[in-house]
Structures are given as structure tokens and as C-alpha cells.
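Index from 1, following the sequence. Note that this is a predicted model, so its numbers are computed, not measured.
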Amino acid sequence: MNMWFLAASATSFAITLLHIFAGGPIYATPMLAAKELDAVVRYLNYYCWHLVSISVTLMAAAFAWSGLVDDAWEAAIIGTVTATAYCVWGLALVTIKRQRFRDMPQGWLFLPVAVLGLFGIIG
């Protein structure tokens, strides 16, 4: 049993819950109501919002599997690479677009997942 991977799974699952239950009302609902945007733009963004829900849930599952089954460590590598990519892109986007991390903290959410996954891989 790999406790690092299980911690990464729990953290990923917490991010999933945050995304769905806080992000839905704060971001998804207003986006769908933004009638000044073309319907295709609104629904494509809504679709992408759901893809994030699915991918972070799968990340949590991959880490859980790797944490419970010693021979499933490859799934944790995929989860760690994904969390690292989400973190790096989230932090880079804020910097590139000159936004405030307070307004777009998403990249920081994946840093603990990436670090926990890395500790699980090397430890």
C-alpha cells in the first residue's frame, strides 16, 4: 500500500468535489446564462467543464488504484504527469495573461497532487 498515492487520490477527489460543487454555481451556471456569448461557445465551454470533472475524477481513481495495488504504479505516473501539467499550465496561464492568482488559483490546486504523486513514485 502506497500512502503517498492514497493521499494524492484523496487530494484529487477533494479537488473534484470543489470543482463540481463550488465551480458549478460560480463558473458553469453564469457561463451558461451569458446570452451575449454564442450558444456554441457556451456549450463548448460547458462540455470542457465536464471534461475537467471527469479527468480529475479519473486522476483520483488512478492514484487510489496505485495506492492499493502495488503492480498498478503506472497509473500513478499518469496521474502525476497530469497533475503536473495542470499545475504548470495553470500557473503559466495566469502569468502569461497577467491575471491574479487570487482570481485564477486552479494551478495551485494541483501542486500538492503532483508533489504527493512524485513522493509516491520515488519513495
Side-chain angles (χ1 to χ4, degrees):
M1 186 176 300
N2 187 316
M3 298 308 289
W4 294 109
F5 293 157
L6 292 177
S9 175
T11 306
S12 298
F13 187 65
I15 293 170
T16 299
L17 295 176
L18 181 66
H19 174 75
I20 293 170
F21 294 108
I26 293 171
Y27 300 108
T29 302
M31 179 185 51
L32 286 174
K35 300 300 181 194
E36 66 276 7
L37 297 175
D38 184 73
V40 171
V41 172
R42 285 184 284 136
Y43 293 126
L44 180 61
N45 278 284
Y46 189 56
Y47 174 72
C48 290
W49 186 83
H50 283 288
L51 291 179
V52 171
S53 301
I54 293 165
S55 70
V56 180
T57 301
L58 290 172
M59 184 187 309
F63 279 121
W65 183 27
S66 294
L68 296 172
V69 178
D70 289 335
D71 291 337
W73 59 271
E74 295 94 340
I77 290 176
I78 293 169
T80 303
V81 169
T82 302
T84 302
Y86 286 1
C87 176
V88 169
W89 175 239
L91 299 178
L93 180 63
V94 172
T95 304
I96 292 166
K97 295 299 180 182
R98 297 188 176 146
Q99 298 299 306
R100 297 181 307 191
F101 287 110
R102 185 182 79 207
D103 296 330
M104 295 179 65
Q106 296 85 347
W108 291 111
L109 290 174
F110 292 98
L111 181 60
V113 178
V115 170
L116 290 166
L118 180 62
F119 284 168
I121 291 167
I122 65 174

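- Qualifying side-chain hydrogen bond (donor to acceptor under 3.5 Å, both in side chains) partners for Trp49, counting only residues two or more places apart in sequence or in other chains: His19.
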Throw together a table of side-chain donor-acceptor distances under 3.5 angstrom for residues 1-15, partners on residues two or more places apart or in other chains.
{"from": "Asn2", "atom 1": "OD1", "to": "Trp4", "atom 2": "N", "distance (Å)": "2.9"}
{"from": "Asn2", "atom 1": "OD1", "to": "Phe5", "atom 2": "N", "distance (Å)": "3.1"}
{"from": "Asn2", "atom 1": "ND2", "to": "Gly120", "atom 2": "O", "distance (Å)": "3.1"}
{"from": "Ser9", "atom 1": "OG", "to": "Ala60", "atom 2": "O", "distance (Å)": "2.8"}
{"from": "Thr11", "atom 1": "OG1", "to": "Ala7", "atom 2": "O", "distance (Å)": "2.8"}
{"from": "Ser12", "atom 1": "OG", "to": "Ala8", "atom 2": "O", "distance (Å)": "2.9"}

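- Residues in residues 55-79 take part in no salt bridge (Lys or Arg N to Asp or Glu O under 4.0 Å) pair, two or more places apart or across chains.
- Hydrophobic clustering places Val81 together with Val56 (ILVMFWY residues linked when any side-chain heavy atoms are closer than 4.5 Å, directly or through intermediates).
- Hydrophobic clustering of Ile, Leu, Val, Met, Phe, Trp and Tyr side chains at less than 4.5 Å, counting indirect connections, unites Val115 with Ile122.
- No path of Ile, Leu, Val, Met, Phe, Trp and Tyr side chains, each step under 4.5 Å between heavy atoms, connects Leu32 with Tyr47, placing them in separate hydrophobic clusters.
- Cluster annotation: Val88 and Met104 are assigned to distinct hydrophobic clusters (Ile/Leu/Val/Met/Phe/Trp/Tyr, side-chain heavy-atom contacts under 4.5 Å, transitive).
- The side-chain hydrogen bond (donor to acceptor under 3.5 Å, both in side chains) search around Arg100 returns Asp103, not counting sequence neighbours.
- Thr57 is linked by a side-chain contact (heavy atoms from CB on, under 4.5 Å) to Thr16, counting only residues two or more places apart in sequence or in another chain.
- Counting all heavy atoms, side chain and backbone alike, Pro30 lies closest to Pro25 at CD-O, 3.2 Å.
- Evaluation of the side-chain contact (heavy atoms from CB on, under 4.5 Å) rule for Lys35 yields Arg42 as partners, not counting sequence neighbours.
- Through chains of ILVMFWY side-chain contacts below 4.5 Å, Ile54 is grouped with Leu58.
- Qualifying side-chain contact (heavy atoms from CB on, under 4.5 Å) partners for Ala62, counting only residues two or more places apart in sequence or in other chains: Ala75.
- Among pairs with a residue in residues 25-46, those fulfilling ring-ring contact (aromatic ring centres under 6.0 Å, His included) read Tyr46-His50, at least two apart in sequence or across chains.
- Contact between Leu91 and Thr95 at its shortest, heavy atoms only, is O-OG1, 3.0 Å.
- Under the 4.5 Å side-chain heavy-atom criterion for Ile, Leu, Val, Met, Phe, Trp and Tyr, Leu111 and Phe119 are members of the same hydrophobic cluster.
- Each ring-ring contact (aromatic ring centres under 6.0 Å, His included) pair with one or both residues in residues 80-107, not counting sequence neighbours, appears once here: Tyr86-Phe110, Phe101-Trp108.
- Remark: Leu37 CG to Leu44 CG distance equals 11.5 Å, nearest 0.5 Å.
- Pairs passing the ring-ring contact (aromatic ring centres under 6.0 Å, His included) check and including a residue from residues 61-83, sequence neighbours excluded, do not occur.
- Nearest approach of Ala83 to Ala114, heavy atoms of both residues: CB-N, 3.8 Å.
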